[in-house]
Number of protein chains: 2
Amino acid sequence: MKPRRVSETIARRIQRGISSGKLEPGEKLPAERDLAKKLNVSRVSVREAYRSLAELGLLRVKRGAEGGAFIADVDHEPVTRSLSLMLRLGRTSHEELTEARVMLEPPIARLAALRANADDIRRIEDLVNKQEAAIKGNGDPRRYDLQFHRLVANCTKNLPLIIMMNALADLALEAFAKIDITRDVKRHVVDFHQRVLDAIRSRDGEAAHREMLRHVHDVQSRLGKAFERQLPGHEVRK
Amino acid sequence: MKPRRVSETIARRIQRGISSGKLEPGEKLPAERDLAKKLNVSRVSVREAYRSLAELGLLRVKRGAEGGAFIADVDHEPVTRSLSLMLRLGRTSHEELTEARVMLEPPIARLAALRANADDIRRIEDLVNKQEAAIKGNGDPRRYDLQFHRLVANCTKNLPLIIMMNALADLALEAFAKIDITRDVKRHVVDFHQRVLDAIRSRDGEAAHREMLRHVHDVQSRLGKAFERQLPGHEVRK
DNA sequence: ACTCTCCAATGGTCTGACCAATGTAATGCC
DNA sequence: GGCATTACATTGGTCAGACCATTGGAGAGT
């Protein structure tokens, strides 16, 4: 309650302003020099406060003319990054990760099937098409994999679920990126995506749940085999 | 990939050191002045780097003699805080929150029943006892509520699940703290906790799942009614 | 009307100083 | 000798003022 650093006091004040809605996304905060003068503190302290908030994803700082510190839009990317980092540091094994995905993703898919609107569905269709094309063109479809799971989570319109799904998918992709995959595997993955998409399109929650579960299990078994073959006893990160 | 700030370069280097295991928890980094000299940069830059990492929860800085910057133990508290903050800023409604909990908590309870060791169970027993005592002494048992859900999640030994559960419980507590509760409600809550505990103790995953689901639904309905009565149309945070 | 140059605003970095906290070692009292 | 007190060295926290680097726009020149 009583911050010992000046910068912390300032940061907390601004954060309260954001939480309470007094400061809105896009709004510009005073230049470092100006706020320092106004609060009778050094520029260093203001700077440190801005830096902390930027680290949390609450501010965006730009330099140059017309630059400054702006209140950022609400975005879960920093949380996702932070969560991913913490899971990496915790040496999260791919078994743990898959366990969490098995628990979370099928229910998310079910909810997605019930809530998806036309726009959501169109976006997923576009993505799956791109992924198909990438396979035909011998490209790497993995970059689309993360996005697929994100889009499905978005259909739920549930922020906690969206954020958690993002973090997990982020980490799963990292594990997946470590192993080589054949054209057959690519085929399999996109087929599963297609089936989940079909289920969502026809508003069949149970089918979406079932197909997503099979998909995650499929990925799990491939990851398990691959890691056993390539990196015995190894974990997601180093 | 090419940080524009000097402090970012330094921060990234240290972060890589931590990720790769070259820097271990408890280890002391050079004093700001020393590292600045060594890298031929100003103390300000080093300081900013340390500050950023501290904000992410990767460092702990202490001042005074024998002070300095130390690699922090892996701890998900910063992530939890950050996630909670983002959910607040996203104006997460208690309906959304409950939806996520309904999805996550029962399966966690099931897994907890299968994995809990004697120590885990003892800790939960202690907590439930304390909670019972608090009710008899007319104290507020809510402070124990968050802890209960944390301990159950800990039984799973699954870091992603633990982190996500923490963040959700944190936020749920915040919503719960906003409403008044009667002695009857306190009774109900602790009864549910007792039943979940019993299920875990007897390794009955399905019972744990069922009781936890009922518990969350129970809380949901109470929250729903209370918010409708006290704060029509209101959400978790402002 | 278009392009180029210059400039003012603003964040980023540096220097060097002093303040504040904090653990330890020297000091002094009993 | 043992315990409380004090002094001190170390280290993060803050300050002041300067200069650098980036950036977008205003104004000059065509």
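In what follows, every chain begins at residue 1, and chains take the letters A, B, ... in the order their sequences are listed.
Within 6.0 Å of the NZ atom in Lys37(A), the count of heavy atoms belonging to other residues, nucleotides or ligands does not exceed 12.
The NZ-P distance, from Lys28(B) to dG12(D), rounds to 7 Å in whole Å. Rounded to an integer number of Å, the gap from CD of Glu66(A) to P of dA21(D) is 22 Å. For Leu59(A) and dT10(C), the CG to C1' distance is 15 Å, given to the nearest whole Å. Across the protein-nucleic acid pair, Glu32(B) atom CD and dC19(C) atom P stand 18 Å apart, rounded to whole Å. The nearest whole Å value for the distance from the CZ atom in Arg60(B) to the C1' atom in dG12(D) is 14 Å. Going from atom CG of Asp34(B) over to atom P of dT10(D) covers 11 Å, rounded to whole Å. Atom CZ of Arg63(B) and atom C1' of dC18(C) are 14 Å apart (whole Å). Per the geometry, CZ belonging to Arg51(B) stands 16 Å off P belonging to dG12(C), to the nearest Å.
As judged by a 4.0 angstrom heavy-atom cut-off over every strand, Val6(B) is placed among residues touching the sugar-phosphate backbone only.
The residue among Arg43(B) and Ala65(A) whose nearest nucleotide of DNA chain D lies closer to the 5′ end is Arg43(B).
Using a 4.0 Å cut-off between charged nitrogen and carboxylate oxygen, Lys38(B) and Asp34(B) do not count as a salt-bridge pair.
Ranking dC14(C), dA9(C), dT13(C) by closeness to the Val41(B) side chain, first place goes to dC14(C). Comparing dC14(C), dA16(D), dC18(C) against the side chain of Val44(B) picks out dC14(C) as the nearest. Checking dG12(C), dT14(D), dT22(D) against the side-chain heavy atoms of Glu48(A) singles out dT14(D) as nearest. Distance from the side chain of Ser45(A) is smallest for dC15(D) among the nucleotides dG11(C), dT13(C), dC15(D).
The aromatic rings of His193(A) and His149(A) sit perpendicular to each other, their planes meeting at more than 60°, with 30° as the lower class boundary.
At least one side-chain heavy atom of Glu125(A) sits under 4.5 Å from a side-chain heavy atom of Leu197(A).
Residue Arg47(B) places at least one side-chain N or O closer than 4.0 Å to OP1 or OP2 of dG13(D). Look at Ser42(A) and you won't find any side-chain N or O under 4.0 angstrom from OP1 or OP2 of dT14(D). For Arg4(A), a side-chain nitrogen or oxygen approaches OP1 or OP2 of dT22(C) to under 4.0 Å.
Side-chain to base pairing of Arg5(B) with dG11(C): no donor and acceptor N or O lie closer than 3.5 Å to each other. Applying the 3.5 Å distance criterion, the base of dG11(C) shares a donor-acceptor pair with the side chain of Arg33(A).
Between the side chain of Asp170(B) and the main chain of Asn166(B), no donor-acceptor pair closer than 3.5 Å is present.
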